[in-house]
Amino acid sequence: MAVKKAKAKAKTRKAPAKKRARKVVTTTPAVKKAEAALSKASKAVEADRKAVTTARNAATSAKAKAAKSGNKTDKNAAKRASNAVKRANDKLRKSREAEAKAKLSLSKAQIEAKIKASEQAVKDKVAERAKALDDKTEADMKKALSAFQARWRKKRTAANKKKLASIARKLASKHKQAARKLEAKAKAAEKKAAKKAAPKKRKASAKRKAAPKKAAAAKAPAKKKAAKKKVAKKKVARKTAARKAPAKRKAAPKKRAAAKAKAKK
């Protein structure tokens, strides 16, 4: 009993898979045409079957009448009735063959319709999956782009911070240099303004003090020129003395020789 229950549960679990199965539509113009032909053939078979039954009943009654009477007319009627039964059977056979052909045509049409419907279902499923994949691709691409943009912006922000720091340092150093120059100019301008604002007497005394210095500065070149001239004269005198000295040295031996000659005499 437990095994049967388990099998029953398994069957009930598999049931949803059938519900999920896609319904294949097999109603096509060819199927409708085949169904109409089969309906017509089936009606013809039904009519022929009734005609055969009627002919058989008529033949049976005609044969019974001919057997009772023994009359030639009744016998001929019985023969005609039996021939009618044969004709009705032939017609029934043909209508049954037509019905079989109609059934075969309907079966073929239904199979072709199922194949086409299955192909269309496959195409629809592929298109549906393609759309789902495209949608997922777009969503994944947006996520990837947003992640890439976040990483890129983070890196670029860090690089920009470094660049701005170096630019700020350079500009700060330039600013300090310019500030120093401006401060020096300001101090010089203050000194000039202070000199201009000083009393005139002080300027006159400053001029008087500067006059002896200028005179001394003017005399200094003249003294230097006189000293240079004296040095040049001394050099010329030394050169002339150096030239005369060898002549004196030469004359001294001659005097000594004359003195020796006198002594011998």
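- Considering all non-hydrogen atoms of both residues, V85 and A59 come closest at CG2-CB, 3.7 Å.
- Residue E138 holds its CD atom at 9.5 Å from CG of L145, rounded to the nearest 0.5 Å.
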| task | Any chance you could lay out the side-chain contact (heavy atoms from CB on, under 4.5 Å) test for R56 and N89, step after step, and finish with the verdict? | result | CA-CA 10 Å; R56 281 177 181 173; N89 283 325; 3.6 Å; yes

| request: Walk me through it: do D90 and K86 pass the test salt bridge (Lys or Arg N to Asp or Glu O under 4.0 Å)? | output: CA-CA 6 Å; D90 290 338; K86 287 181 181 178; over 6 Å; no

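- Note that CZ of R96 is 9.5 Å distant from CG of D48, once rounded to the nearest 0.5 Å.
- Side-chain contact check for K114 versus E119: every heavy-atom pair is 4.5 Å or farther apart.
- The pair R49-E46 meets the salt-bridge criterion, since a charged nitrogen lies less than 4.0 angstrom from a carboxylate oxygen.
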| said: What verdict does the side-chain contact (heavy atoms from CB on, under 4.5 Å) test give for L38 and E99, after you've listed the backbone C-alpha separation in whole Å, the side-chain angles of each residue and the deciding distance to 0.1 Å? | reply: CA-CA 6 Å; L38 179 60; E99 185 184 20; 4.0 Å; yes

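- Between K185 atom NZ and E183 atom CD the span is 12.5 Å, to the nearest 0.5 Å.
- Rounding to the nearest 0.5 Å gives a distance of 12.5 Å between CG of D124 and CZ of R129.
- Between the side chain of S39 and the backbone N or O of E35, no donor-acceptor pair lies under 3.5 Å.
- A62 approaches A81 most closely through the heavy-atom pair CB-CB, 4.1 Å.
- In this structure, OG on S146 lies 9.0 Å from CZ on R151, to the nearest 0.5 angstrom.
- Across all their heavy atoms, A113 and V31 have their closest contact at CB-CG2, 3.8 Å.
- Remark: K103 NZ to S42 OG distance equals 6.0 Å, nearest 0.5 Å.
- Summarising the geometry of L92 relative to V45, their closest heavy-atom pair is CD1-O, 3.4 Å, with the distance given to 0.1 Å.
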